[in-house]
Amino acid sequence: MTAPTINGTRYPQPVEALLPAARALPLPDGQEFPSRNRLMREFRIGAPKADDLLARLKAEHADRTRTDTLRTAMAVRGALLAPQTDTDPPAAPRLDYAEPIGPDPAPTPVVPEHTPPPAEPVKIPPAAPLAEVGTVGHPDTPTPTAPVRSAVVWPVILLALPAFVAIWSGWVGLGGLTGFGVVHPLPGIADGFAINTAITLPIGVETYGAYALYVWLSGRVPERARRFAKWSAIASLLIGALGQVAYHLLVAAGVQVAPWWITTAVACLPVAVLGMGAALAHLVRSHD
């Protein structure tokens, strides 16, 4: 909170320096003194200093009141003792009884006006130079931030290599137990070209899970796409984990052919991955 400028400075000042400004405060009709709260608000001072300042204002007002009363009494007494002239009204009729004789009443003692002790001159320190004002931008204008060095990502490669080997072998092995195997996709064109369809499982499921996770955490897509990517990424990672568990349990039990319900679920995975991928791509581009 900044103090008001009084006597050419904004530094907190003693009560003696604040008296002239307190006397000059405009007051509403019928009010003789400013309130303590107003003094605290006007001069940015605390309650003790405001009480001291108010007490001094009241003492000055009482001194002025006594002085005015004394001067009025002395003026009235002087008017009564002044000699009568021709223009004066006729004297009062003489009384038939003797007037009391006695000394004149003693003059009213003059009460010396209260004079506050001389205050030491206030030493006002030089005003501190105002801080240089910088450029203020519009509140809606983003403040440019210092470039932040991005974190290195090469450790992810080391983490992904062993995971890739384990996931790839698990999906390919589970595909062999569920009917996936070597096929010739180009008969009559390239009879010698063959491919093991079991590789479609790790490529489809795990690639989609990684992509959906990236879309979810990027924060640069519409809310519908982000929500779909979130739940589909979680589902893809859970399915990948269940596939690895199923393969190792079947191998450990010496099963050569997977049960029908596992075969059904694994056979539906390529179609499900295709549908989720197409839906996510459409939602990502829905804001264009």
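- Put simply, V245 and L238 are part of two different groups of oily side chains (I, L, V, M, F, W, Y) that touch within less than 4.5 Å, one to the next.
- Donor-acceptor pairing under 3.5 Å is lacking for the side chains of Y247 and S169.
- One hydrophobic cluster, built from ILVMFWY side chains closer than 4.5 Å, holds both L280 and Y214.
- In terms of heavy atoms, I167 sits closest to E206 at CG2-CG, 3.5 Å.
- When side chains are defined from C-beta on, I199 counts as touching W168, because their heavy atoms get closer than 4.5 Å.
- Inter-residue side-chain proximity for L177 and V255 is flagged as unmet; no heavy-atom pair is nearer than 4.5 Å.
- With sequence neighbours left out, the side-chain contact (heavy atoms from CB on, under 4.5 Å) criterion links L186 to I189, A190, F193.
- Between the side chain of T207 and the backbone N or O of G204, no donor-acceptor pair lies under 3.5 Å.
- Partners of T69 according to the side-chain contact (heavy atoms from CB on, under 4.5 Å) rule, which considers only residues two or more places apart in sequence or in another chain, are T65.
- Connection of L274 to L269 is not established within any shared hydrophobic cluster, with ILVMFWY side chains joined at heavy-atom distances below 4.5 Å, either directly or through further cluster members.
- Pairing each heavy atom of M40 with each of A50, the nearest pair is CG-CB, 3.4 Å.
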Exercise for the section: Given salt bridge (Lys or Arg N to Asp or Glu O under 4.0 Å), test D63 with R66 step by step and report yes or no. Expected result: CA-CA 5 Å; D63 292 341; R66 285 195 300 268; 2.3 Å; yes
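- In this structure, the side chains of Q244 and W171 come closer than 4.5 Å at one or more pairs of heavy atoms.
- The shortest heavy-atom contact between W216 and K230 is CE2-CG, 3.4 Å.
- Using a distance-only test at 3.5 Å, with no hydrogens or angles considered, a donor-acceptor pair links the side chain of S286 to the main chain of L283.
- To the nearest 0.5 Å, atoms CZ (F180) and OG1 (T200) are separated by 5.0 Å.
- Rounding to the nearest 0.5 Å places CG of D68 at 8.5 Å from CZ of R64.
- Residues V182 and A194 approach most closely at CG1-CB, 3.7 Å, considering heavy atoms.
- Two residues are said to be in side-chain contact when any heavy atoms from C-beta on lie closer than 4.5 Å; L57 and P34 meet this criterion.
- To the nearest 0.5 Å, the span separating CH2 on W261 from OG1 on T264 amounts to 10.0 Å.
- Distance CD1/I262 to CG/L250: 4.5 Å, rounded to 0.5 Å.
- Residue L213 is not grouped with residue V273 when hydrophobic side chains (ILVMFWY) are merged at heavy-atom distances under 4.5 angstrom, including chains of intermediate members.
- Between M276 and S232, the closest heavy-atom pair is SD-CB, 4.1 Å.
- Between V183 and I195, the closest side-chain pair of non-hydrogen atoms falls below 4.5 Å.
- Closest of all the heavy-atom pairs between A229 and V215 is CB-CG1, 3.8 Å.
- Y211 is connected to V221 through a chain of hydrophobic side-chain contacts under 4.5 Å among Ile, Leu, Val, Met, Phe, Trp and Tyr, so both are in one cluster.
- Atoms CD1 and OH, from I239 and Y208 in turn, are 10.0 Å apart once rounded to the nearest 0.5 Å.
- The ring-ring contact (aromatic ring centres under 6.0 Å, His included) test applied to H61 returns F33, not counting sequence neighbours.
- Rounding to the nearest 0.5 Å gives a distance of 7.0 Å between CZ of R224 and NE2 of H282.
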